[in-house]
Amino acid sequence: MDNFKQTLNGTQLLGTFVKTPHPHIIEVLALADLPFIVLDAEHAPFDRTTLDSCILAARANQLPCIVRVQDSQASTILNALDCGATGIQIPHVCTAEQAQKLVKVSHYGEGGRGYAGSSRAAQYATKAMANHLSDSKNNTVVIVQIEDPEGVINAESIAAVEGVDALFIGQVDLAVSYGAASVNEECVREASIKIVKAAHQANKPVGMFVANAQAAREWSELGVNFFCVGSEHKMIIDGFRNEQAVMKS
């Protein structure tokens, strides 16, 4: 599998959120030639077992797999990375200090991620410690999600944190926080553009959730380079609704 951290920095990418905690859906999505997926452990019913099996399926199909973790606890991050996730996406990052702590617990080292050579990520004790430490340092992706007004205010300092590999704009939560009726209101747009500029200033990629590819094209012109478009749930619903519309027309 190519180094996704490098891929993330080099091109426009369109992936999706995964809500179904079953490896079969990962196998199906791999056939769609997506460049990455994000397992949504924050809002979907993933537990350690289903997270493990879905990451296994992703790795078997050479599909980069990010986990949007349900919280920022060190144990939660450890579980996802030990299972072999390509990286993590952490919601509600509001300050540079918080980002620094998250980077630390995502990597090995003093006060950081606990080492286990028996994990899938370490190839079940067949990988030399030095190699695993080096590969983890070079390949583990840490994405911080900015979706609160405080995070927008601190976007530049968050983006500047060493070890933060990318920013992700949570427009829906921003809309709720600002009391906006939708993500299309000007306050959400202005906040999003500020996050994009902060990422560019730090020479880091920036992603966001969008409802469709047209929205992705529009935001790519404003500097966003990776997108989660809907989810497999939305694609299933939209697909069958479209087919029914054709049948009835």
Checklist entry - Do Q12 and N225 have side-chain heavy atoms sitting under 4.5 Å apart? => result yes
Checklist entry - Is it true that a side-chain atom of K127 and a backbone atom of G117 form a donor plus acceptor pair closer than 3.5 Å? => result no
Next on the checklist: I want to check something: taking the side chain as every heavy atom from C-beta on, are V152 and S192 in contact at a cut-off of under 4.5 Å?
Outcome noted: no
Checklist entry - Does the Q98 side chain pair with the main chain of H92, one donor and one acceptor, at a distance under 3.5 Å? => result yes
Checklist entry - Where the side chain of N242 meets the backbone of D238, is there a donor-acceptor pair that is under 3.5 Å apart? => result yes
Item to check | Short side-chain to backbone donor-acceptor contact, S177 and D148, under 3.5 Å | outcome: no
Checklist entry - So do L39 and I26 actually touch side chain to side chain, heavy atoms under 4.5 Å? => result yes
Checklist entry - Going by heavy atoms in the side chains, are V105 and L78 under 4.5 Å from each other? => result no
Item to check | Pair E232, T20: side-chain N/O donor-acceptor within cut-off below 3.5 Å | outcome: yes
Checklist entry - If you round to the nearest 0.5 Å, how far is NE2 of H43 from CD of Q70? => result 11.0 Å
Next on the checklist: Minimum heavy-atom separation for I158 and G151, please, with both atom names.
Outcome noted: CD1-O, 3.9 Å
Next on the checklist: Do H107 and V142 have side chains that approach each other closer than 4.5 Å (heavy atoms only, starting at C-beta)?
Outcome noted: yes
Checklist entry - With distance as the sole criterion, is a donor-acceptor pair present between the side chains of D47 and T50 under 3.5 Å? => result yes
Item to check | Parallel, tilted or perpendicular: ring planes of F168 versus F226, cut at 30 and 60 degrees | outcome: tilted
Item to check | From I143, L167, I146, residue fulfilling side-chain contact (heavy atoms from CB on, under 4.5 Å) relative to V206 | outcome: L167
Next on the checklist: Ignoring hydrogens, what is the shortest heavy-atom contact between C83 and I55? Give both atom names and the distance.
Outcome noted: O-CG2, 3.3 Å
Next on the checklist: With ring pair (Phe, Tyr, Trp, His ring centres under 6.0 Å) as the rule and sequence neighbours excluded, what pairs involving residues 176-225 come up?
Outcome noted: none
Checklist entry - Apart from Y108 itself, what residues make up its hydrophobic cluster when side-chain heavy atoms of I, L, V, M, F, W and Y under 4.5 Å apart count as a link, directly or indirectly? => result Y115, M129, L133
Item to check | Any side-chain heavy-atom pair of L51 and N79 under 4.5 Å | outcome: no
Checklist outcome for this item: When every non-hydrogen atom of V18 is compared with those of I37, the smallest separation belongs to CG2-CB, 3.9 Å
Checklist entry - Which heavy atom in S106 sits nearest to a heavy atom in I77, and how many Å separate them? => result OG-CG2, 3.7 Å
Checklist entry - Taking side chain as C-beta onward, heavy atoms only, is V210 less than 4.5 Å from Q171? => result no
Item to check | Whether K204 side chain and A159 backbone form a donor-acceptor pair below 3.5 Å | outcome: yes
Checklist entry - Nearest heavy-atom pair of G84 and A121: which atoms, and what distance? => result CA-CB, 4.2 Å
Next on the checklist: Rounded to the nearest 0.5 Å, what separates atom SG in C65 from atom CZ in F4?
Outcome noted: 10.0 Å
Checklist entry - Which distance, rounded to the nearest 0.5 Å, do you find between the CZ of F46 and the CZ of R68? => result 11.0 Å
Checklist entry - Should we count NZ of K234 as having more than 12 external heavy atoms under 6.0 Å? => result yes
Checklist outcome for this item: When every non-hydrogen atom of D71 is compared with those of T76, the smallest separation belongs to OD1-OG1, 2.6 Å
Next on the checklist: For residues 229-249, which residue pairs pass the ring pair (Phe, Tyr, Trp, His ring centres under 6.0 Å) check, not counting sequence neighbours?
Outcome noted: none
Checklist entry - Can you tell me if T86 uses its side chain to pair, donor with acceptor, with the backbone of I66 under 3.5 Å? => result no
